[in-house]
Amino acid sequence: MKILIVGSGGREHAIAASVAKSPKADKIYCAPGNAGIGQIAECVQIGAMEFDKLVTFAKEKEIDLTIIGMDDPLVGGIVDAFEAAGLRVFGPRKNAAILEGSKAFSKDLMKKYNIPTAAYENFDDAEEALAYLETADFPIVLKADGLALGKGVLICNTLEEAKEGVKSIMLDKQFGTAGNRMVIEEFMTGREVSVLSFVDGKTIKTMTSAQDHKRAKDGDQGLNTGGMGTFSPSPFYTEEVDAFCKEHIYQATVDAMAAEGRAFQGIIFFGLMLTPKGPRVLEYNARFGDPEAQVVLPRMKNDIVDVFDACIDGRLDEIDLQFEENAAVCVVLASDGYPVKYEKGLEIRGLENFEGRDGYYCFHAGTKLDEKGRFVTNGGRVLGVTAKGADLKEARENAYAATQWVDFDNKYMRNDIGKAIDEA
Ligand code: AMP
Ligand code: GLY
């Protein structure tokens with residue numbers, strides 16, 4: 001098979017690495033990809049939002065299967081564009097990707113179908129939102145409705161802060177049109193868990209759990225980022241939690257989407273909070289997590305191409321999804337200054353140290369080859385150094401040891417990825 005992957009981050013590198021293990025994959029392309037993906041796939045310089053060009057490319061090369069990694073093209077309708085051209089594609093259509101594309105939609109869906117989530121109100125009008133705040137309890141959570149690179153969520157401790165937040169989201173349009181609507185919701189406390197799942201429109205199979213570290217600095221300080229590291233499985237995702245989510249959240253979400261005429265085929269990523277009152281949905285995403293994919297996919301035993309095929313053909317019930325009984329930790333190596341301001345074009349040294357090392361992975365996020373053919377940094381998150389271990393502690397030790405195998409100027413990482421493991 002000829003397979004095309006759309007995206008350019010560490011998640012797409014992890015997807016490409018899994019696809020490359022499939023005996024069915026004869027040739028892999030990635031658009032636009034990055035320097036690491038370029039070692040296992042042919043990168044094509046077409047942007048993820050250039051649907052016409054991607055469709056033309058897929059037809060010309062007779063691509064058998066296209067996998068969409070990123071949220072923006074999904075929410076923009078890339079799957080519909082591929083299907084309209086008669087191409088086989090993995091991911092939700094536009095009318096289903098709205099599960100991630102509109103927080104107001106997803107909150108209304110959860111309310112209508114009794115899926116446990118934080119209490120909330122949606123607002124189209126800043127004045128009404130400001131009036132609502134006058135009687136609200138604090139802290140309170142403000143969310144821009146649309147996609148905002150994971151940054152559209154503000155936790156406000158006081159009325160003053162919340163008023164400023166409403167102004168910046170709805171009036172100053174800090175997150176652009178994503179802030180045309182907003183959700184104001186109850187603040188919850190508890191541990192967060194990410195559960196990714198394969199969905200074929202009616203059947204859902206969840207993957208092993210993971211936990212992300214979204215803040216830039218140790219001790220969950222600093223700004224929100226795309227994710228500074230992950231571990232899998234989460235020791236807090238117990239059998240009891242799993243049973244609750246199976247009963248109230250996972251299938252209920254898939255059934256709700258189908259009942260709304262928005263059958264979901266692709267990946268649903270459940271962002272859960274384990275609150276004192278039980279698990280609640282924080283958010284849905286319509287794609288693999290980044291960097292969750294980097295710890296989940298290396299532990300998956302199935303041929304991923306088989307699973308993608310089963311989802312597309314509506315026979316996921318035939319797949320026995322299996323994960324290794326071990327653990328994995330991913331530590332993101334960023335450029336110092338991320339997520340605000342950072343340098344690009346710095347040479348990356350030591351990548352060869354990962355060659356032939358079983359259980360170790362150096363997933364590339366923001367990297368490219370310079371004119372001399374050297375690997376250089378090309379983004380805020382540069383590499384996702386991942387290692388497996390018999391258990392979480394061993395995986396963490398292995399991952400942190402491996403962070404020393406590579407180097408670039410201004411290399412920055414958190415030193416406490418997986419620290420929560422010690423409390424489990
Ligand atoms: P989201 O993009 O909706 O996952 O929100 C980003 C982050 O904001 C989450 O990972 C949580 O840490 C935090 N968050 C979102 N909603 C809430 C809430 N209702 N209560 C407390 N924290 C929240
Ligand atoms: N790591 C969180 C996300 O992919 O949205």
Side-chain angles (χ1 to χ4, degrees), residues 7 9-12 14-15 69-72 74-75 97 99-107 110 116-121 136-157 162 165 169 175 178-179 182-196 207 209-216 220-232 234 267-277 279-297 330-332 334 339 363 365 380-381 384 386 414 417 420:
R11 164 183 51 212
E12 286 74 22
I15 296 170
M70 297 168 72
D71 45 11
D72 282 301
L74 288 169
V75 170
L99 191 61
E100 170 164 7
S102 167
K103 291 193 190 284
F105 169 86
S106 71
K107 295 296 292 189
M110 288 187 267
T117 188
Y120 75 101
E121 293 284 340
D137 291 328
F138 294 87
I140 203 158
V141 184
L142 310 183
K143 299 187 174 186
D145 177 55
L147 295 181
L149 296 168
K151 294 179 187 129
V153 175
L154 303 177
I155 296 176
C156 303
N157 289 307
I169 291 176
F175 308 109
M182 66 179 291
V183 177
I184 300 187
E185 76 175 23
E186 168 200 9
F187 175 77
M188 303 186 292
T189 55
R191 288 196 185 276
E192 290 183 38
V193 186
S194 303
V195 176
L196 315 183
M207 300 178 226
S209 62
Q211 186 179 321
D212 189 12
H213 299 65
K214 288 204 170 98
R215 301 290 202 95
D220 291 330
Q221 302 296 310
L223 294 171
N224 259 322
T225 70
M228 293 300 293
T230 36
F231 58 86
S232 170
S234 163
I267 303 292
I268 300 183
F269 165 143
F270 297 84
L272 304 172
M273 187 173 264
L274 310 181
T275 78
K277 292 187 204 153
R280 299 282 183 270
V281 178
L282 276 175
E283 66 159 346
Y284 294 115
N285 294 315
R287 34 116 192 131
F288 286 101
D290 187 346
E292 281 87 345
Q294 290 90 315
V295 285
V296 169
L297 292 182
C330 170
V331 180
V332 168
F363 294 119
R381 292 192 292 179
T386 300
R414 273 182 63 162
I417 301 301

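When a ligand or atom number is given, it counts from 1 through the structure's own listing order.
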In ligand 1, the atoms that come under 4.0 Å of a heavy atom of Glu185 are 16 (N), 17 (C), 18 (C), 19 (N)
For Phe187, the atoms of ligand 1 under 4.0 Å from one of its heavy atoms are 20 (N), 21 (C)
Taking Ser209's backbone N and O only, do any of them form a donor-acceptor pair with Ser232's side chain (distance below 3.5 Å, no angle check)?
yes
Nearest-0.5 Å distance that lies between atom CD in Glu12 and atom CZ in Phe288:
10.0 Å
N/O donor-acceptor pairs under 3.5 Å from side chains in residues 267-275, not counting sequence neighbours:
from: Thr275; atom 1: OG1; to: Lys277; atom 2: N; distance (Å): 3.1
from: Thr275; atom 1: OG1; to: Gly278; atom 2: N; distance (Å): 3.2
from: Thr275; atom 1: OG1; to: Gly278; atom 2: O; distance (Å): 2.6

Candidate with minimal heavy-atom separation from atom 16 (N) of ligand 1, of Lys143, Lys103, Glu186
Lys143
Output yes when Arg287 and Asp72 qualify as a salt bridge under the 4.0 Å nitrogen-oxygen rule, no when they do not.
no
CD/Glu100 to CZ/Phe105 distance, rounded to the nearest 0.5 angstrom?
13.0 Å
Hey, are Asp212 and Thr230 close enough side-chain-wise for a donor-acceptor pair under 3.5 Å?
no
Separation of Ile169 CD1 from Lys143 NZ (nearest 0.5 Å):
11.0 Å
Relative to atom 9 (C) of ligand 1, which among Met273, Glu283, Glu192, Met188 owns the nearest non-hydrogen atom?
Glu192
Pairwise distance CZ(Arg280) to CE(Met110) - rounded to 0.5 angstrom:
11.5 Å
Selection from Leu282, Val153, Val281, Ile184 by shortest heavy-atom distance to atom 8 (O) of ligand 1:
Val153
In a simple table, one pair per line, please give the protein and ligand 2 atom names for every N or O pair closer than 3.5 Å, along with the distance.
from: ligand 2; atom 1: 1 (N); to: Asp212; atom 2: OD2; distance (Å): 2.8
from: ligand 2; atom 1: 1 (N); to: Asp290; atom 2: O; distance (Å): 3.0
from: ligand 2; atom 1: 1 (N); to: Glu292; atom 2: OE1; distance (Å): 2.7
from: ligand 2; atom 1: 1 (N); to: Glu292; atom 2: OE2; distance (Å): 3.4
from: ligand 2; atom 1: 4 (O); to: Arg287; atom 2: NH1; distance (Å): 2.9
from: ligand 2; atom 1: 4 (O); to: Asp290; atom 2: N; distance (Å): 2.9
from: ligand 2; atom 1: 5 (O); to: Arg287; atom 2: NH1; distance (Å): 3.4
from: ligand 2; atom 1: 5 (O); to: Arg287; atom 2: NH2; distance (Å): 3.0

Select one of side chain, backbone, both or neither to describe which atoms of Asn224 lie under 4.0 Å from any atom of ligand 1, heavy atoms only.
neither
Identify, for atom 22 (N) of ligand 1, the protein heavy atom at the shortest distance, and state residue, atom and that distance.
Ile155 CD1, 3.8 Å
Please determine, by modelled atom types, if Ser194 and Glu292 share a side-chain donor-acceptor pair under 3.5 angstrom.
yes
